[in-house]
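Working notes for the structure below.
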Amino acid sequence: MNKLTILEFPDPRLRTRAKPIEEVDAGLRALIEAMFETMYEAPGIGLAATQVDVHKRLLVTDVSPGRDEPLCLINPEITERDGVIVTEEGCLSVPDIFAKVERSEHIRVRALGGDGQPLDMEANGLLAVCIQHEMDHLEGKLFVDYLSELKRQRIRKQLEKARRHQDDLTPVLKPGDRAPAI
Ligand code: GNR
Ligand code: NI
């Protein structure tokens with residue numbers, strides 16, 4: 001499988017609530033592989049299945065500086081939380097927008113790993129933030145939902161403008177295309 005397309009705010013599909021995964025089969029493993037590729041190439045520190053229009057409870061992360069500590073969580077649940085941490089968050093589905101968000105600083109997570117085996121882990125700091133951000137995606141929630149309606153409106157406008165500009169710069173003919181015969 002190849003790089004997947006990431007949905008962008010305000011795409012209504014980002015509001016879908018993901019369904020539990022019943023079995024970890026070859027198809028799911030291929031999806032996990034494609035999600036890692038997509039996350040590393042973006043680049044991002046996390047990716048939820050919701051963002052690639054797959055509405056299953058699955059997320060991938062890697063918050064390590066060396067980009068060599070992949071973590072896949074299937075049907076994740078937070079069983080304990082403690083402390084508060086405020087982080088400047090970004091999101092691949094809300095490109096080039098950053099805002100401070102309050103999350104739990106320490107969490108305990110129960111899930112299945114990418115191999116389908118049960119897993120019980122603790123996460124702190126950036127990993128905890130990232131897991132909570134990804135789990136919000138699985139509920140159809142985005143970090144901009146924690147901001148005021150006014151700020152969200154501004155972000156919507158800013159993204160619309162950026163997309164209009166991008167359209168202006170998209171060549172009508174891509175390299176290798178043939179010119180129309182007129
Ligand atoms: O790449 C990402 N960076 C990030 C920074 C702070 C808090 C959360 C994140 S997750 C984000 C990738 C993404 O959009 N995951 O859903
Ligand atoms: Ni995100």
Side-chain angles (χ1 to χ4, degrees), residues 1-21 28 31-78 81-109 111 113-114 121-147 151-152 154-156 158-160 162-163 166:
M1 223 188 286
N2 248 314
K3 220 188 88 172
L4 306 166
T5 303
I6 298 176
L7 302 178
E8 291 186 3
F9 176 75
D11 192 311
R13 292 171 290 181
L14 286 168
R15 299 312 188 176
T16 313
R17 185 154 187 269
K19 294 209 164 77
I21 289 172
L28 193 75
L31 171 64
I32 292 167
E33 202 50 49
M35 282 176 59
F36 273 120
E37 273 178 39
T38 306
M39 177 189 78
Y40 284 123
E41 188 161 325
I45 59 169
L47 188 70
T50 310
Q51 293 176 279
V52 295
D53 204 21
V54 176
H55 303 288
K56 297 179 183 175
R57 305 191 79 80
L58 165 67
L59 64 88
V60 297
T61 75
D62 187 341
V63 299
S64 72
R67 315 290 283 152
D68 56 358
E69 292 175 31
L71 174 69
C72 169
L73 298 177
I74 296 169
N75 300 337
E77 278 175 42
I78 294 177
R81 51 173 84 233
D82 190 31
V84 173
I85 183 172
V86 176
T87 312
E88 188 92 352
E89 296 198 12
C91 181
L92 296 171
S93 296
V94 193
D96 303 316
I97 305 286
F98 300 89
K100 286 185 178 155
V101 179
E102 219 180 87
R103 307 272 188 191
S104 300
E105 188 178 13
H106 312 280
I107 57 172
R108 189 173 179 140
V109 181
M121 63 176 282
E122 281 179 25
N124 304 308
L126 186 59
L127 179 58
V129 168
C130 190
I131 291 172
Q132 290 169 82
H133 174 116
E134 304 315 334
M135 287 182 66
D136 270 356
H137 277 302
L138 303 180
E139 294 299 315
K141 189 163 175 132
L142 298 168
F143 83 102
V144 295
D145 297 347
Y146 295 104
L147 310 177
K151 282 189 182 169
R152 206 161 33 248
R154 282 198 196 125
I155 290 168
R156 216 176 274 131
Q158 207 173 317
L159 289 176
E160 267 170 29
R163 280 180 204 122
Q166 203 166 33

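Worth saying up front: this structure is predicted, and the values here are computed from it rather than measured. Values reported hereafter were calculated over all heavy atoms of this structure, with side chains retained and with hydrogens, waters and symmetry mates removed. When a ligand or atom number is given, it counts from 1 through the structure's own listing order.
Only the side chain of H133 comes within 4.0 Å of ligand 1, judged by heavy-atom distances.
At under 3.5 Å, not a single nitrogen or oxygen of A48, backbone or side chain, sits near a nitrogen or oxygen of ligand 1. Ligand 1 has a nitrogen or oxygen under 3.5 angstrom from a nitrogen or oxygen of H137. For ligand 1, none of its N or O atoms has an N or O atom of V129 under 3.5 Å away. In terms of polar-atom proximity, defined here as any N/O pair under 3.5 Å, Q51 does make such a contact with ligand 1. Checking only distances, E134 does come within under 3.5 Å of ligand 1, N or O to N or O.
Counting only heavy atoms from C-beta outward, the side chains of E105 and V84 never approach each other to under 4.5 Å. Looking only at side-chain heavy atoms (C-beta outward), L58 and L28 come within less than 4.5 Å of each other.
In this structure, G125 and I85 approach most closely via the heavy-atom pair CA-CD1, 3.9 Å. The minimum heavy-atom distance linking A34 with L4 is given by the pair CB-CD1, 3.8 Å.
Using bins of under 30°, 30° to 60° and over 60° for the plane-to-plane angle, the ring pair F36/Y40 lands in the parallel bin.
Scanning the protein heavy atoms around atom 14 (O) of ligand 1, the nearest turns out to be L92 N, 2.8 Å. Protein heavy atom in closest approach to atom 1 (O) of ligand 1: I45 N, 3.0 Å. Considering only non-hydrogen protein atoms, atom 6 (C) of ligand 1 sits nearest to E89 CA, 3.6 Å.
Atoms of ligand 1 found under 4.0 Å from any heavy atom of E88 (numbered from 1 in listed order, with element): 6 (C). Close contacts between ligand 1 and G90 involve ligand atoms 4 (C), 5 (C), 6 (C), 8 (C), 9 (C), 10 (S), 11 (C) [criterion: under 4.0 Å to a heavy atom]. Contact atoms of ligand 1 toward C91: 14 (O) (distance under 4.0 Å to a heavy atom of the residue).
To the nearest 0.5 angstrom, L127 atom CG is 9.5 Å from D62 atom CG. One distance of note links CD of E8 with CG of L14; it measures 9.0 Å at 0.5 Å rounding. Interatomic distance, H55 NE2 to K19 NZ, rounded to the nearest 0.5 Å: 9.5 Å.
Using a non-hydrogen distance threshold of 4.0 Å, M39 does not register as a contact of ligand 1.
The NE2 atom of H133 and the SG atom of C91 meet at the Ni ion (ligand 2) at an angle of about 110°, given to 10°.
Of the listed options G46, G44, A42, G46 places a heavy atom closest to atom 12 (C) of ligand 1.
The residues E134 and R57 are annotated as not salt-bridged, no charged nitrogen and carboxylate oxygen being separated by less than 4.0 angstrom.
A cation-pi contact, defined as under 6.0 Å to the ring centre and within 45° of the axis, links K141 to Y146.
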